[in-house]
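It should be emphasised that the depicted structure is a prediction, and the values quoted were computed from it without experimental measurement. Residue numbers begin at 1 in each chain, while the letters A, B, ... track the order of the sequences.
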Protein chains: 2
Amino acid sequence: MTATILLVDDHSVVREGYRSVLQKQPGLRVIAEASDGAEAYRLFKSVAPDLVIMDLSMPGIGGVEAVRRIRQWDKAAKILVFTMHENAGFAVQAIRAGARGYVTKTSPPETLVRAVMDVLAGKIAISPDIDHELALSRISGEDSAADVLTPREFEVLRLLLAENTTEEIAETLHVSPKTVANLHSLIKDKLGVGSDIELVRLALRQGILTEPDLGEA
Amino acid sequence: MTATILLVDDHSVVREGYRSVLQKQPGLRVIAEASDGAEAYRLFKSVAPDLVIMDLSMPGIGGVEAVRRIRQWDKAAKILVFTMHENAGFAVQAIRAGARGYVTKTSPPETLVRAVMDVLAGKIAISPDIDHELALSRISGEDSAADVLTPREFEVLRLLLAENTTEEIAETLHVSPKTVANLHSLIKDKLGVGSDIELVRLALRQGILTEPDLGEA
DNA sequence: TGCAATGTCGTGAAATTTTCCCGGTGCCGG
DNA sequence: CCGGCACCGGGAAAATTTCACGACATTGCA
């Protein structure tokens, strides 16, 4: 009995690579491919694959959101995230969203195949490098933002990273600019950063600020 | 007569994809692969391929630097950059460093093959989406940082994005903290951003701040 | 050669922001 | 009922940002 697989990645040449590696493995068959989260969701519902291999950074709805939706549709869906991001933060997000595995693209092909088999067998598969990252982040205890911050603070952080001025945020939140400024200061304090620049870099590390490319002109 | 190719990408599964696509093309032969810039440089010197297909974001010395070094070693080297980055800024950097082509990974395989052929034929190959980006950035005239900033200002910008405090930068530059603060202010003015957060995002867009992952713990 | 333009560095003082401390509200769990 | 916590903002001190200005060296050009 062969397992059916749905490939999701916005880079066609990369999908070509997945397919080539997986084809060599008996018992696996790629039956569909998607190039963004929305398409992945649609295809999942129509082809019902045994396993989804999903990239994270994609246009439109990202990989994490796609994982969430698919799992919402089918609580038993087996999704393996396969991405370039070597940050523990991304892995945590993906797993929390419902992924059964997380493997980085720097891993050798064997690791991917192994993870595919493990997830199909019902196991959770995390590639060694991310295991290590996670262990480190436990030890060093980097404050993972989402945990140490209250919902309101987190909201302000998101807006700070996205919107522009304190005033605009105050506007959208219906509070005084003063409060936003206070929160801004408190956030930096809680996260242990001294400047806004460090703040952005922290957000980048932790995957709060996902977008690699932004609306350019 | 078949053209020899050196593949450079830190993701082995992705290289698998390149190879699979290129193999289908008569007259092309992949004779070596590298997983980072330094290895690419070494291999180029020993195998002297007709063409290099190079990723940009790699550990250690990045793709742009690798392009520069290879071109320094062999002024006639034909290098095609093949990357996920859809920013005009990256393309400009790559071309200035000596690349003969720039194709994004979102492009269909045919585009890659076409670009390979073009570069081998001595032409410059830019994928359509980047062409468009470049056109846009010309029209909107986003100030491309490196141009509008003086060398000193650019240096301070780099340090701001990397180092931490104004004091530390003043230290390394042997100037007064006051001057650094002045420059900092002037830079934001010249680039037309209001906050440090916008500044970081601009730097991200333009590839001044390349690092997706940073020293964690 | 003279001289205007530009980059670089610094000072000082005003304007603004950040930070800290405070009081007040409402909500929950013991 | 009380203590803790999230949340909202005021006030004032502290720090930073910003602006205006001067000085110096270098460059390019008439």
Just jot down the salt bridge (charged side-chain N to carboxylate O under 4.0 Å, His left out) partners of A:Arg42, sequence neighbours excluded, or say none. none
Excluding sequence neighbours, so at least two apart, what forms side-chain contact (heavy atoms from CB on, under 4.5 Å) with B:Ser12? A:Pro109, B:Arg15
A:Arg158: salt bridge (charged side-chain N to carboxylate O under 4.0 Å, His left out) partners, not counting sequence neighbours: A:Glu155
Please identify each residue that fulfils side-chain contact (heavy atoms from CB on, under 4.5 Å) with B:Thr179, with sequence neighbours left out. B:Val175, B:Ser176, B:Leu183
Listed by chain and number, what are the salt bridge (charged side-chain N to carboxylate O under 4.0 Å, His left out) partners of B:Lys188, not counting sequence neighbours? B:Asp196
So for the helix from C:dT1-D:dA30 to C:dG30-D:dC1, with five pairs setting each end axis, what is the inter-axis angle to 10°? 30°
How would you summarise protein contacts on nucleotides 14-30 of chain C per nucleotide, using B for base, S for sugar-phosphate only and - for none, with heavy-atom distances below 4.0 Å? -----BB----------
Pair listing, side-chain hydrogen bond (donor to acceptor under 3.5 Å, both in side chains) test, anchored in residues 166-175 of chain A, at least two apart: none
Partner set under side-chain contact (heavy atoms from CB on, under 4.5 Å) for B:Arg114, not counting sequence neighbours: B:Asp118
Would you confirm whether B:Asp36, through its side chain, and B:Glu39, through its main-chain N or O, come within 3.5 Å as a donor-acceptor pair? yes
Excluding sequence neighbours, so at least two apart, what forms salt bridge (charged side-chain N to carboxylate O under 4.0 Å, His left out) with B:Glu65? B:Arg68, B:Arg69
May I have all residue pairs that pass side-chain hydrogen bond (donor to acceptor under 3.5 Å, both in side chains) and include part of residues 43-54 of chain B, sequence neighbours excluded? B:Thr4-B:Asp50
Anything under 3.5 Å between a protein N or O and an N or O of nucleotides 5-8 of chain D, put it in a table, one pair a line.
residue : atom : partner  : partner atom : Å
D:dC7   : OP1  : A:Arg152 : N            : 3.3
D:dC7   : OP2  : A:Thr150 : OG1          : 2.2
D:dC8   : OP1  : A:Arg152 : NE           : 3.2
D:dC8   : OP1  : A:Arg152 : NH2          : 2.8
D:dC8   : OP2  : A:Arg152 : NE           : 2.9

